[in-house]
2 protein chains.
Amino acid sequence: MKEIHVGSMRFSLDPGQPLYEQVLAHIRSAVARGELPLGARLPSVRELAQALQINPNTVMRAYRELEREGLAESHGSQGTYITRDAGRVEAVRRDLAAAAVAAFLAEMERLGFTLPDVVRMLQERSDADTP
Amino acid sequence: MKEIHVGSMRFSLDPGQPLYEQVLAHIRSAVARGELPLGARLPSVRELAQALQINPNTVMRAYRELEREGLAESHGSQGTYITRDAGRVEAVRRDLAAAAVAAFLAEMERLGFTLPDVVRMLQERSDADTP
DNA sequence: TTTATGTATTATATCACTTAATACATTTAG
DNA sequence: CTAAATGTATTAAGTGATATAATACATAAA
């Protein structure tokens, strides 16, 4: 899994997982954690495709999904830009986190762990992490 | 998503997700939480396939994976049985939980949440759950 | 005018998943 | 002994998501 740098972003793609989803997730997390500032210009479709050695259509698909989520806006021939709506970014961040938490807890409960069990496990890990 | 009862197990399959993985996950969680006792006999391949309205090969694939994990054993023409090795079950349960935790934390960190952040979120949910 | 951009279309390829249709050996039940 | 149920194996085919390829067009900036 080679790391590819494009602008301020680092990509590491895993063939075997959908590429457009990985590109999407990379950019999304870059926005969520502020690595990509509001209003930042994304690499052009062709440019990113070239850098990642994937098809432009695959990048387009990721960009379209970013637009659908309200994280990016296409400015015609000027390029694609991260939204300037900080609230939108925060909302997406929250939604994704909520979804991750829900899926995680569901999985843990399937394995027979209760919510307090899970809290305890993570608590311990947190303690071990910062002693 | 219709619920189908087979013996002591309830199945609800979602076309669009790999069927063999769903069958696998259902049985795995049934074992992990003790719903399926040690040494229990699983439905025959044909029987389960018939009940779930899927192909016997698909069930076979799930059963083979259960064997690979050490959760089930094929007893030839007598059927397929859950292992009697309680330690093995517990180990699988632990492994699956550890994997789920790792994946979850990685995802949350991608979204810019630290481990203490996550602990706090789940803590709050736990408090709200049991007031 | 040239260039870079987003966008769209059509075709093809690949791969995982699923179904289908049998077939065989072994064990249990009658 | 016979019949039935079981796990197992094989071969073929179908389906859908994903990805690539090759173009094409309109717009805006240089």
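In what follows, chains carry the letters A, B, and so on, assigned in the order in which the sequence lines appear, proteins first and then strands, with residues in each chain numbered from 1. Remember, it's a predicted structure, so these values are computed and weren't measured experimentally.
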Practice prompt. Using atom OH of B/Tyr20 as one end and atom C1' of C/dA16 as the other, report the distance to the nearest whole Å.
Written response: 8 Å
Discussion item. Tell me every residue that passes side chain to side chain contact (heavy atoms under 4.5 Å, CB included) with A/Asp14, counting only those two or more places apart in sequence or in another chain.
Written reply: A/Met1, A/Gln17, A/Gln22
Fill in: Side chain of B/Asn57 - closest among D/dT20, C/dG6, D/dT10
D/dT10
Worksheet item: Out of C/dT19, C/dT7, C/dC17, which has the shortest distance to the side chain of B/Pro18?
Response: C/dC17
Worksheet item: Does the pair A/Arg93/A/Glu90 count as a salt bridge with the N-to-O cut at 4.0 Å?
Response: yes
Worksheet item: Can you tell me if the side-chain N/O atoms of B/Arg41 get under 4.0 Å from OP1 or OP2 in D/dT6?
Response: yes
Item to complete: Report the nucleotide, chosen from C/dG6, D/dT8, D/dT27, that has the shortest atom-to-atom distance to any side-chain atom of A/Ser77.
Response: D/dT27
Worksheet item: Under 4.5 Å between any side-chain heavy atoms of B/Glu65 and B/Arg61, yes or no?
Response: no
Discussion item. Under 4.0 Å from OP1 or OP2 of C/dC17: is there any side-chain N or O of B/Thr58 that close?
Written reply: no
Worksheet item: For B/Glu67 and D/dT6, what is the distance between atoms CD and P respectively, to the nearest whole Å?
Response: 16 Å
Fill in: Options D/dT6, D/dA21, C/dC17, nucleotide nearest the side-chain atoms of B/Glu21
C/dC17
Worksheet item: B/Gln17 near the nucleic acid: base, sugar-phosphate alone, or nothing, with a heavy-atom cut-off under 4.0 Å?
Response: sugar-phosphate
Fill in: Between D/dA19 (P) and A/Glu65 (CD): distance, integer Å
13 Å
Fill in: With B/Leu48, the side-chain contact (heavy atoms from CB on, under 4.5 Å) member among B/Thr58, B/Ile4, B/Val23
B/Val23
